[in-house]
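First the structure, in the form of structure tokens, and then the observations on it.
Just so you know, these numbers use all the heavy atoms, side chains as well, and skip hydrogens, waters and symmetry mates. Start at 1 and go down the list; that is how both ligands and their atoms are numbered.
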Amino acid sequence: MTQIRKAADALAAVRRIVFFTGAGISAESGIPTFRAKLTGLWAKHDPQRLETADAFRENPALVWGWYLWRRQQAMLAEPNAAHYSISRLAKAGWEVSVVTQNIDDLHERAGVDAVVHLHGSLLGAKCSGCHRPVALQPDQLSISNEGELVEPPRCNYCNGRTRPGVVWFRENLPDNAWLSAVRLVRTCDLLISVGTSGVVRPAADLPEMAIRANATVIHVNLEDVSMGGEREIMLIGSAVQVLPELLTRLGVS
Ligand code: NAD
């Protein structure tokens, strides 16, 4: 039996599914994955370095400008066939939840209401001093040139610098998001992991947690990222091709 047939049979036999998604699901919407090298004026920077509180402390205008630019790119991007496949499955009657590591809002814009964002959101901002959420005006969010350095606005309460509402390396995940993700993963029948390298922890532990809770795990990735377990199915290919094909096999229109 082919892997895609096996995956379709596994899906047909269950009701409660968790999609666990990473940067690869948004790649074909034009949002670069984490490991993709930065291009244009950002090319001289290492994203792993820019996504840290240290980088923000050392050069807030560089990091704030980079996030404003990423926010703008994400808002210009459109959900792709992989994002829409998830909402089509939900409409077809499966109980679908999404736990994402992505900081874009493409799942929501593809029609999925309940999305657990483990790493925060590009659309949010908070004070780096008192951690209060900060509501920004449209003129504070615009960026005219790629590579522009933008001094972050100051907090009205403590005068701290506003920072992106995302989780940086070496920071804890938001408690609520992590607890929701664990609860969903421990009670699902099937977890479909899409476009994640599985190296950013603790998020990367979720597929293994699902297996320990007796669920089946389907991986969709350009590369083999399976852990070699008996209840794992590896579908190699782009999410925009694999997920619609899976739905076709299931007869979901
Ligand atoms: P990653 O960059 O480490 O891994 C991406 C994975 O997607 C790789 O395994 C790659 O083989 C796979 N992939 C690439 N294109 C694909 C496609 N078309 N179809 C299927 N698979 C594809 O990303 P990660 O595992 O999500 O972890 C890195 C962290 O970077 C995330 O936690 C997130 O916070 C952040 N990030 C988010 C975004 C976003 O919001 N879209 C973008 C970049 C980085």
* So, does Gly237 sit close enough to ligand 1 that a heavy atom of it is under 4.0 Å from the ligand? -> yes
* Taking atom types as modelled, is there a side-chain donor on Thr21 or Gln101 under 3.5 Å from an acceptor on the other? -> no
* Asked: For ligand 1, does Ser26 get within less than 4.0 Å through its side chain, its backbone, both, or neither, judged by non-hydrogen atoms?
  -> side chain
* Give the intermediate values and the outcome of ring-ring contact (aromatic ring centres under 6.0 Å, His included) for residues Phe56 and Trp168. => CA-CA 10 Å; Phe56 184 69; Trp168 280 328; 5.5 Å; yes
* To do: For atom 39 (C) of ligand 1, grab the closest protein heavy atom and report residue, atom and distance to one decimal in Å.
  => Asp104 OD2, 3.5 Å
* From the options Ser121, Ala82, Ser197, select the one whose nearest heavy atom is closest to atom 3 (O) of ligand 1. => Ser197
* His119 side chain near Asn102 side chain, heavy-atom distance below 4.5 Å -> no
* Structure fact -> among protein heavy atoms, the one nearest atom 15 (N) of ligand 1 is Leu222 CD1, 3.4 Å
* Asked: Charged N to carboxylate O below 4.0 Å: is that the case for Arg70 and Glu51?
  -> yes
* Asked: In terms of atom number and element, which parts of ligand 1 are under 4.0 angstrom from non-hydrogen atoms of Thr33?
  -> 2 (O), 14 (C), 43 (C)
* Between Arg231 and Asn214, is any pair of side-chain heavy atoms under 4.5 Å apart? -> yes
* Is a salt bridge present between Glu232 and Lys6, judged by a nitrogen-to-oxygen distance below 4.0 Å? -> no
* Nearest-option assignment for atom 31 (C) of ligand 1, heavy atoms, candidates His117, His119, Glu51 -> His119
* State the atoms of ligand 1, each with its element, that fall below the 4.0 Å cut-off from a heavy-atom position in Glu28. => 18 (N)
* Structure fact -> Note: heavy atom closest to atom 26 (O) of ligand 1, options Ala239, Gly30, Ala23, belongs to Ala23
* Does Ala204 come within less than 4.0 angstrom of ligand 1, counting non-hydrogen atoms of the residue? -> no
* **Part of Val200 with heavy atoms under 4.0 Å of ligand 1, whether side chain, backbone, both or neither** => side chain
* Could you tell me whether Arg170 and Asp54 have a side-chain N and a carboxylate O separated by less than 4.0 Å? => yes
* **Protein contact to atom 13 (N) of ligand 1 [nearest heavy atom, distance to 0.1 Å]** => Gly24 CA, 3.6 Å
* To do: Look at the side-chain heavy atoms of Ile, Leu, Val, Met, Phe, Trp and Tyr, link any pair under 4.5 Å apart, and say whether Trp66 and Leu149 land in one connected group.
  => yes
* For atom 25 (O) of ligand 1, grab the closest protein heavy atom and report residue, atom and distance to one decimal in Å. => Thr196 OG1, 2.7 Å
* To do: Compute whether any side-chain donor of one residue and acceptor of the other, for Gln3 and His219, lie under 3.5 angstrom apart.
  => no
* Counting from 1, what ligand 1 atoms have a heavy atom of Ala27 closer than 4.0 Å? -> 15 (N)
* Asked: At what distance is the nearest protein heavy atom to atom 5 (C) of ligand 1, and which residue and atom is it?
  -> Gly195 O, 3.6 Å
* Which ligand 1 atoms, with their elements, are less than 4.0 angstrom from a heavy-atom of Pro32? -> 42 (C), 43 (C)
* Asked: Relative to Trp94, does Arg15 satisfy both conditions: NZ or CZ under 6.0 angstrom from the six-membered ring centre, and within 45 degrees of the ring's axis?
  -> yes
* Should you measure from each heavy atom of Ile103, which atoms of ligand 1 turn up under 4.0 Å away? -> 39 (C), 40 (O)
* To do: Could you check atom 2 (O) of ligand 1 against the protein and tell me its nearest heavy-atom contact, residue, atom and distance included?
  => Phe34 N, 2.9 Å
* Note, Leu235 side chain near Ile233 side chain (heavy atom, < 4.5 Å) -> yes
* Please say whether more than 12 non-hydrogen atoms of neighbouring residues, nucleotides or ligands are located less than 6.0 Å from CZ in Phe169. => yes
* So, the side chain of Asp113 versus the backbone of Val115: is there a donor-acceptor pair under 3.5 Å, distance only? -> no
* Check each of Gln48, Gln73, Gln101 against atom 33 (C) of ligand 1 and report the one with the nearest heavy atom. => Gln101
* To do: Determine whether the side chain, the backbone, both or neither of Ile31 has a heavy atom under 4.0 Å from any heavy atom of ligand 1.
  => side chain
* Is there side-chain contact between Ile192 and Ile17, with at least one heavy-atom pair below 4.5 Å? -> yes
* With a cut-off of 4.0 Å, which atoms of ligand 1 are near a heavy atom of Gly22? -> 26 (O)
* **Protein heavy-atom partner closest to atom 11 (O) of ligand 1 - residue, atom, separation in Å** => Asn221 OD1, 2.7 Å
* Structure fact -> of all protein heavy atoms, closest to atom 18 (N) of ligand 1 is Ser238 OG, 3.0 Å
